[in-house]
Amino acid sequence: MISTEHGAVKQFAPAKINLYLHIVGKRTDGFHELETLMAPISLGDTLEIELIARGIEFTCSDPALGDAKENLATRAARIFLEEMKLETGVRIHLEKAVPVGAGLGGGSSDAAAVLLALRELTGVTCGDAKLAELAAQLGSDVPFFIYKTPAVCRGRGEIIEPVALKEKLHGLLVHPGFGVSTPWAYKTYAANPQPGETGRQFEGFTLRNDLEPPAFSKYVWLPTVKAWFRKQPEVLDALMSGSGSSVFALTESEDAANSLRGRFLAEFGETIFAQAIVVG
Ligand code: C5P
């Protein structure tokens with residue numbers, strides 16, 4: 001977190017990928033019980049957050065998000081001020097770099113960034129565990145972004161056990177330009193539960209995502225890209241992230257990710273979002 005001259009803080013909000021996502025079962029609260037290995041990646045949004053006299057002001061580099069009255073970031077600010085019984089207002093500016101509806105936790109990470117920045121700016125005493133509790137009220141993935149470390153997440157996703165990846169992994173992340181609705185993906189899974197295809201082993205976990213079968217059944221671009229990735233010489237393995245629609249390929253190095261990127265764009269279209277990433 002960087003403090004700027006006029007008392008604002010600049011906060012990087014990393015996206016995540018799921019290297020393993022196993023749906024254990026349906027819960028009585030309507031959610032699904034998960035076991036998932038999530039890791040932050042080098043791609044992320046940037047937020048500038050400052051205290052103002054009153055109100056919650058929000059601007060965004062993406063006009064579609066800037067126009068919305070409420071979003072996860074403004075809800076995070078409201079919940080923090082209410083819980084801490086603070087009278088102040090907050091101004092948030094969000095520079096959006098993470099595709100929306102992509103299974104990358106972009107909105108969840110923005111919300112966690114607001115909570116972390118407000119703890120710093122207001123100086124209230126609030127441990128990470130308490131902040132993660134507030135985060136869980138905002139969404140299943142938000143607590144993970146309070147810790148921002150690779151972790152096995154259980155429950156709805158809010159029970160976090162940090163794990164150390166032996167080394168940082170490299171990869172290429174691609175996004176088709178359309179999103180997959182998370183509630184739809186879980187509902188479609190529930191109607192016909194079947195495990196995702198298992199892939200290569202990495203440091204004691206097996207690449208797998210149980211939300212692939214529902215997403216792949218509707219959006220043919222996704223399995224096409226995954227299968228193409230798996231045939232490329234640079235690629236160790238490939239997987240869809242979260243409920244989609246992002247797909248990532250793991251590579252041995254940044255150079256390998258960049259050479260794969262060039263061929264991917266030539267094959268699938270030059271305007272498609274494709275970015276080399278570091279994982280962990
Ligand atoms: O918690 P979040 O708002 O991100 O969840 C979005 C939707 O995804 C939920 O409303 C639910 O339909 C589904 N979901 C689920 N089980 C989880 C996480 C999300 O069924 N563990």
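Keep in mind that the numbers below use all heavy atoms, side chains included, and drop hydrogens, waters and symmetry copies. Note that ligands are numbered from 1 as they come in the structure, with each ligand's atoms numbered from 1 the same way. These figures come from a predicted structure and were not determined experimentally. The residues of the chain are indexed from 1 along the displayed sequence.
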For ligand 1, what N or O to protein N or O distances fall under 3.5 Å?
{"unit_1": "ligand 1", "atom_1": "1 (O)", "unit_2": "Ser140", "atom_2": "N", "d": "2.9"}
{"unit_1": "ligand 1", "atom_1": "1 (O)", "unit_2": "Ser140", "atom_2": "OG", "d": "2.6"}
{"unit_1": "ligand 1", "atom_1": "16 (N)", "unit_2": "His32", "atom_2": "N", "d": "2.8"}
{"unit_1": "ligand 1", "atom_1": "20 (O)", "unit_2": "His32", "atom_2": "N", "d": "3.4"}
{"unit_1": "ligand 1", "atom_1": "20 (O)", "unit_2": "His32", "atom_2": "ND1", "d": "2.8"}
{"unit_1": "ligand 1", "atom_1": "21 (N)", "unit_2": "His32", "atom_2": "O", "d": "2.9"}
{"unit_1": "ligand 1", "atom_1": "21 (N)", "unit_2": "Arg156", "atom_2": "O", "d": "3.0"}

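By the 6.0 Å and 45° rule, Lys226 does not stack over the aromatic ring of Trp221.
For Ser246 (side chain) and Ala102 (main-chain N/O), a donor-acceptor pair under 3.5 Å exists by modelled atom type.
Every residue two or more places apart in sequence or in another chain that forms a side-chain contact (heavy atoms from CB on, under 4.5 Å) with Val124 is listed here: Phe80, Met84, Leu86, Thr122, Cys126. With sequence neighbours excluded, the residues satisfying salt bridge (Lys or Arg N to Asp or Glu O under 4.0 Å) with Glu161 are Arg154.
Residues in residues 123-152 take part in no ring pair (Phe, Tyr, Trp, His ring centres under 6.0 Å) pair, two or more places apart or across chains.
Proximity of the aromatic rings of Phe264 and Phe229 is defined here by a centroid distance below 6.0 angstrom, and this criterion is met.
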